[in-house]
Visitor: 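So that we are looking at the same thing, I have put the structure below in structure tokens.
In what follows, residues are counted from 1 in the order of the sequence shown. It should be emphasised that the depicted structure is a prediction, and the values quoted were computed from it without experimental measurement.
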Amino acid sequence: MAGRSGLHGWGTALGGVMVVLTVLTGCAGPYQYYEGTGLHDATAAEVAGGWENVEGTHVVLREDGTALLEKLDGQDFDFEDGWRLSGTGTWKLSDGDGGQIVRLTLTSRTRLERRSPAMATDTSTPEPPSTYAWRFYVDRDGHDEPKLFFFYGDPDVGNTYVMTRETGS
């Protein structure tokens with residue numbers, strides 16, 4: 001009888017550990033462990049130029065490392081605050097183990113917009129930043145053209161904010 005209750009105790013403990021692990025890994029969305037696209041062959045000249053998003057965002061990455069931004073949303077959970085920033089800044093293409101990223105920094109905000117009018121009057125929404133930094137992952141589309149993206153919102157969902165080459169660029 002003592003051996004049986006000992007097994008029961010181990011079974012209960014093991015079951016408890018499994019529940020804890022399930023809960024912990026259940027909160028780990030695709031973004032939380034995303035290491036990059038694995039792309040290492042994009043050049044700064046190839047990334048420079050105009051970029052757009054279906055939401056009306058426009059970004060120009062100039063070859064001299066400066067940037068123009070129009071209506072760019074926040075990344076990660078900042079997206080949920082609803083602000084859209086416009087202004088000038090800098091950018092740099094960097095390469096790491098997981099692939100290349102474009103670090104885009106807004107250094108001078110010239111305009112602030114909200115995705116919806118309700119967000120503009122919501123006093124519980126944090127004050128939008130006057131400067132901000134984004135990390136865009138660099139990848140290629142089906143035609144081997146570069147595309148830039150970042151994750152937004154809840155990391156468990158894995159939503160991507162995709163920038164494609166501006167029409168006519």
Visitor: Test of understanding: clusters of I, L, V, M, F, W, Y form through side-chain heavy atoms closer than 4.5 Å, transitively. Do Leu104 and Val60 belong to the same one?
Guide: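 Not linked; separate clusters.
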Visitor: Report yes if the side chains of Gln100 and Ser94 come closer than 4.5 Å at any heavy-atom pair, otherwise no.
Guide: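 Gln100 vs Ser94: side chains apart.
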Visitor: Taking C-beta and beyond as the side chain, do Leu68 and Arg62 meet within less than 4.5 Å on heavy atoms?
Guide: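 Yes; the side chains approach each other to less than 4.5 Å.
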Visitor: Mind checking whether Trp83 and Leu112 have side chains closer than 4.5 Å, heavy atoms only?
Guide: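 Yes, at least one pair of side-chain atoms sits under 4.5 Å.
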Visitor: Leu69 vs Thr88, test: side chain to side chain contact (heavy atoms under 4.5 Å, CB included). Steps then yes/no.
Guide: CA-CA 6 Å; Leu69 298 74; Thr88 59; 5.9 Å; no
Visitor: Here's a test for you: under ring-ring contact (aromatic ring centres under 6.0 Å, His included), which of Phe151, Tyr152, Trp134 qualifies with Phe79?
Guide: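 Passing option: Tyr152.
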Visitor: Tell me yes or no: between the side chains of His58 and Glu166, is some donor less than 3.5 Å from an acceptor?
Guide: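 Short answer, yes.
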Visitor: Measure across Asp41 and Glu46 and return the closest heavy-atom pair with its distance rounded to 0.1 Å.
Guide: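 Reported closest heavy-atom pair: O-OE1, 4.1 Å.
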Visitor: With a 4.5 Å limit on heavy-atom distance, are the side chains of Trp51 and Leu148 in contact?
Guide: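 Trp51 reaches Leu148 side chain to side chain.
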Visitor: Could you grab the distance from atom CZ of Arg103 to atom OG1 of Thr90, nearest 0.5 Å is fine?
Guide: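 Arg103 CZ to Thr90 OG1: 11.5 Å, rounded to 0.5 Å.
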Visitor: For the backbone of Asp81 and the side chain of Arg114, can you confirm whether one donor and one acceptor N or O come within less than 3.5 Å of each other?
Guide: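 Such a contact is found between Arg114 side chain and Asp81 backbone.
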Visitor: If the threshold is 4.0 Å, N to carboxylate O, is there a salt bridge linking Lys147 and Glu145?
Guide: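 No, this pair does not count.
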Visitor: Does Asn53 reach the main-chain N or O of Glu55 with its side chain, forming a donor-acceptor pair under 3.5 Å?
Guide: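 Yes, the answer is positive, given that a donor and an acceptor are paired below the 3.5 Å cut-off.
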Visitor: Locate the shortest heavy-atom distance separating Leu61 from Ala67; write the atom from each residue and the value.
Guide: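 Minimum heavy-atom separation between Leu61 and Ala67: CD2-CB, 4.1 Å.
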Visitor: Does the side chain of Glu35 reach to within under 4.5 Å of the side chain of Asp97, using non-hydrogen atoms?
Guide: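 Not touching, per the 4.5 Å side-chain cut-off.
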Visitor: Do you know which of Val47, Thr66, Thr105 makes side-chain contact (heavy atoms from CB on, under 4.5 Å) with Trp91?
Guide: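 Option passing the side-chain contact (heavy atoms from CB on, under 4.5 Å) with Trp91: Val47.
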Visitor: With a 3.5 Å distance limit and no angle check, can you tell me whether Arg109 reaches the backbone of Pro129 through a side-chain donor-acceptor pair?
Guide: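 Pair found, side chain donor or acceptor close to backbone of Pro129.
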Visitor: Using the rule side-chain hydrogen bond (donor to acceptor under 3.5 Å, both in side chains), only one of Glu52, Lys71, Arg84 pairs with Thr57; which is it?
Guide: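 Going through Glu52, Lys71, Arg84 one by one, the side-chain hydrogen bond (donor to acceptor under 3.5 Å, both in side chains) with Thr57 is satisfied by Arg84 alone.
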Visitor: Check whether any side-chain N or O of Tyr132 sits under 3.5 Å from a backbone N or O of Thr107 as a donor-acceptor pair, and report yes or no.
Guide: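 No, because the side chain of Tyr132 does not come within donor-acceptor range (under 3.5 Å) of the backbone of Thr107.
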Visitor: If you count heavy atoms of other groups shown closer than 6.0 angstrom to CG of Asp64, is the number above 12?
Guide: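 Count over threshold, so yes.
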Visitor: Work out which heavy atom in Asp73 is nearest to a heavy atom in Arg115; give both atom names and the distance.
Guide: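 Looks like OD1-NH1, 2.9 Å.
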Visitor: Shortest non-hydrogen contact from Val138 to Thr37?
Guide: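 Smallest heavy-atom distance, with atoms named: O-OG1, 2.6 Å.
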Visitor: Show the nearest heavy-atom pair for residues Phe150 and Arg135, with the distance to one decimal.
Guide: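 For Phe150 and Arg135, the tightest heavy-atom pair comes out as CB-O, 3.4 Å.
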Visitor: Using the rule given for side chain to side chain contact (heavy atoms under 4.5 Å, CB included), can you reason through Lys92 versus Val102, listing the C-alpha separation, both sets of side-chain angles and the distance that settles it, and then say yes or no?
Guide: CA-CA 6 Å; Lys92 182 178 181 179; Val102 169; over 6 Å; no
Visitor: On a heavy-atom basis, which atom in Asp154 and which in Glu80 lie closest, and how many Å separate them?
Guide: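 Taking every non-hydrogen atom into account, N-OE2, 3.5 Å.
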